[in-house]
Amino acid sequence: MIEDSERVQMQFDDNSLLPQLYGDRDRHLEHIERELGVSLVSRGNKLAITGPHQGTDAARSAISHLYKSLKRGNEIDAAAVDAALKNAGLQADQRWGESDEIRTRKRRIAPRGANQAAYLRALRTNELVFGIGPAGTGKTYLAVAMAIDMLMSGSVERIVLSRPAVEAGERLGFLPGDMREKVDPYLRPLYDALHDMLPGDQVIKRLSSGEIEIAPLAFMRGRTLANAFVILDEAQNTTAVQMKMFLTRLGEGSRMAVTGDLSQVDLPRGTKSGLADALETLEGESGIGVIHFNDADIVRHALVARIVRAYDRHDRKTRRKKDDAEDV
C-alpha cells in the first residue's frame with residue numbers, strides 16, 4: 001500500500017449505469033487513476049479508491065459527479081471525465097451542477113468547466129453576453145442551447161443566428177448559386193448545432209415558419225429584433241461599423257450573445273476587429289456579461305487543446321522576432 005494512503009469505498013444503487021461510468025475496458029477509471037495518482041478497484045456495485053487523501057477525495061467527488069450526471073440522462077465520454085476532474089478540484093462555490101444544465105428536445109447539456117458554467121449563468125441573467133476564446137470551448141454551442149431553452153420556455157418568440165459571410169467582406173455576389181447556396185457553407189456550424197439539439201423535422205418546421213432564422217450579418221441591417229434570442233458567431237471578423245450595426249438591433253424582450261476568437265481575425269491588415277472595439281467601448285457598462293475562455297476550456301479532442309497552445313507559442317515567438325527586428 002502507498003505510504004500515507006487511505007482507502008475509500010463507494011457504492012452505487014444502479015448497476016446498469018456502471019459500464020458507462022467506468023468506460024469501455026475501464027478506460028475512464030484508468031484515466032482518473034493516471035490524473036490523480038490513485039488506485040481504483042471495482043467489485044460488483046462497489047468501487048474502492050486507494051491513494052493519498054487529496055487524490056481519493058478528488059476521485060470520489062469526480063466519480064460521484066459523473067454518476068449523478070448519468071442518472072440525469074447525460075452521456076459520459078473522455079471530455080466529461082476531464083470536466084468532472086476539473087470540477088472536483090474547484091472550491092465549493094466555483095463548482096457547477098444540475099442547476100447549470102440545459103435540457104433540449106434531444107439531449108441534456110451540462111457545462112464542462114467553470115467558465116462554461118459561468119457563461120450559461122451570464123446568458124441567463126444578462127441581455128448581452130460576449131463569449132471570447134479559442135475554437136472548441138463551446139461558446140456558440142452553449143449559446144444556441146440557451147436560445148433553444150428560452151424559445152421552448154416561451155421566454156423569447158424566435159431565434160436569430162448570424163455570422164459574417166466570406167471572411168468579413170461578405171462578397172456574396174462573387175459566389176456561384178442562389179442566395180441560400182451562397183451563404184449556407186458559412187452558416188453550416190449553426191445548422192449543425194440546431195440539429196444536435198432538436199429533431200430534424202422540428203428544425204425544418206421552425207426554419208420554415210421563421211421561428212428560427214439563420215442569416216449572414218449583412219441581412220441584419222435596418223432591422224429591430226424584439227422578443228428574440230440573437231447570436232452573432234465569428235464576431236472577430238466584423239468591422240467596428242458592422243458590430244455597432246448588429247448591437248443596435250437589440251429590441252424589447254431580446255437577448256444577444258456575441259461569440260468570437262480574437263486570435264483568428266481574418267480582416268484585412270490594419271482593420272480593427274469590431275469585436276475588440278466593442279469590448280473596449282462597452283467595458284464597465286451594466287447588463288453586459290463577458291466570459292473569456294482559454295485552451296484549458298477546450299472540450300473537443302484533447303489534441304485540439306495542444307494544437308491551440310502550439311499555435312499560441314508559435315505566434316508569440318513570431319511576434320518577438322518581429323519586435324526584435326524593428327528595434328534593430
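- Counting heavy-atom neighbours within 6.0 Å of Lys46 NZ, excluding the residue itself, gives a total of 12 or less.
- For Lys106, the NZ atom counts as densely surrounded, since its 6.0 Å shell holds more than 12 non-hydrogen atoms of other residues, nucleotides or ligands.
- Side chains of Thr140 and Thr259: a donor-acceptor N/O pair is present below 3.5 angstrom, by distance only.
- A distance of 6.0 Å separates CG in Leu47 from CG in Leu29, rounded to the nearest 0.5 Å.
- Between Asp233 and Leu161, every side-chain heavy-atom pair lies at or beyond the 4.5 Å cut-off.
- The shortest side-chain heavy-atom distance between Leu142 and Ile109 falls under the 4.5 Å cut-off.
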**Request:** Show your reasoning for whether side-chain contact (heavy atoms from CB on, under 4.5 Å) applies to Ser254 and Glu127.
**Result:** CA-CA 7 Å; Ser254 289; Glu127 293 177 309; over 6 Å; no
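- Ser162 contributes atom OG, which lies 8.5 Å from atom CG of Leu190 (distance to the nearest 0.5 angstrom).
- Remark: Lys71 engages Asp13 in a salt bridge, criterion side-chain N to carboxylate O under 4.0 Å.
- Of the possible donor and acceptor atoms, one in the side chain of Gln242 sits under 3.5 Å from a partner among the backbone N and O of Thr239.
- The backbone N or O of Asp261 lies less than 3.5 Å from a partner atom in the side chain of Gln236, making a donor-acceptor pair.
- Contact between Glu75 and Arg112 at its shortest, heavy atoms only, is O-NH2, 4.3 Å.
- For Gln9, the CD atom counts as densely surrounded, since its 6.0 Å shell holds more than 12 non-hydrogen atoms of other residues, nucleotides or ligands.
- Between the side chain of Tyr119 and the backbone N or O of Ala143 there is no donor-acceptor pair closer than 3.5 Å.
- Heavy atoms from other residues, nucleotides or ligands lying under 6.0 Å from CD of Gln11 number more than 12.
- The shortest distance between side-chain heavy atoms of Ile32 and Ile49 does not fall below 4.5 Å.
- The shortest distance between side-chain heavy atoms of Met220 and Leu225 falls below 4.5 Å.
- The structure places CG of Leu282 at 8.5 Å from CG of Asp277, a figure rounded to the nearest 0.5 Å.
- Formation of a donor-acceptor pair under 3.5 Å by the Glu35 side chain with backbone atoms of His31 is not found in this model.
- Heavy-atom contacts from other residues, nucleotides or ligands closer than 6.0 Å to CD of Glu30 number more than 12.
- Listed here is the closest heavy atom pair of Asn237 and Asp266: OD1-N, 2.7 Å.
- No donor-acceptor pair closer than 3.5 Å links the side chain of Ser64 to the backbone N or O of Ser61.
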**Message:** Thr238 vs Phe246, test: side-chain contact (heavy atoms from CB on, under 4.5 Å). Steps then yes/no.
**Reply:** CA-CA 10 Å; Thr238 63; Phe246 178 80; over 6 Å; no
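- Minimum interatomic distance between Leu85 and Ala62 (heavy atoms only, all atoms of both residues): CD2-CB, 4.0 Å.
- Using cut-offs of 30° and 60° for the angle between ring planes, the Phe12 and Tyr22 rings count as perpendicular.
- For the atom pair His28 NE2 and Leu66 CG, the distance stands at 8.5 Å (nearest 0.5 Å).
- Heavy atoms only, all atoms of each residue included: Thr50 and Arg7 are closest at OG1-CG, 3.7 Å.
- Arg60 places no side-chain N or O within donor-acceptor distance of the main-chain N or O of Val8, the cut-off being under 3.5 Å.
- Judged by distance alone, the side chains of Asn115 and His292 never bring a donor and an acceptor atom under 3.5 Å apart.
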**Message:** Quick one, Met243 with Leu232, criterion side-chain contact (heavy atoms from CB on, under 4.5 Å). Give me CA distance, side-chain angles, the key distance, then yes/no.
**Reply:** CA-CA 9 Å; Met243 179 59 78; Leu232 176 61; 4.1 Å; yes
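- The closest side-chain heavy-atom distance from Val265 to Leu275 is not below 4.5 Å.
- With 3.5 Å as the limit, one finds no donor-acceptor pair spanning the side chains of Asp297 and Thr137.
- At distances below 3.5 Å, not a single donor-acceptor pair connects side-chain atoms of Asp57 with backbone N or O atoms of His53.
- In this structure, Glu285 and Leu128 have side chains that are not in contact, with every pair of non-hydrogen atoms separated by 4.5 Å or more.
- In this structure, OG on Ser42 lies 8.0 Å from CG on Leu18, to the nearest 0.5 angstrom.
- Between Arg255 and Leu123 the shortest side-chain heavy-atom distance does not fall below 4.5 Å.
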**side-chain contact (heavy atoms from CB on, under 4.5 Å) evaluation trace for Met256 with Arg249** = CA-CA 10 Å; Met256 271 189 177; Arg249 300 310 94 197; 4.1 Å; yes
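- Ile148 is not listed as a side-chain neighbour of Arg105, based on a closest heavy-atom distance of 4.5 Å or more.
- Residue Lys139 holds its NZ atom at 13.0 Å from CD1 of Ile291, rounded to the nearest 0.5 Å.
- Between the Ser208 side chain and the Ile204 main chain, a donor and an acceptor come within less than 3.5 Å of each other.
- Salt-bridge check for Asp100 with Arg121: passed, with a basic side-chain N closer than 4.0 Å to an acidic carboxylate O.
- None of Thr104, Val203, Val144, Leu151 except one satisfies the side chain to side chain contact (heavy atoms under 4.5 Å, CB included) rule with Leu198; the exception is Val203.
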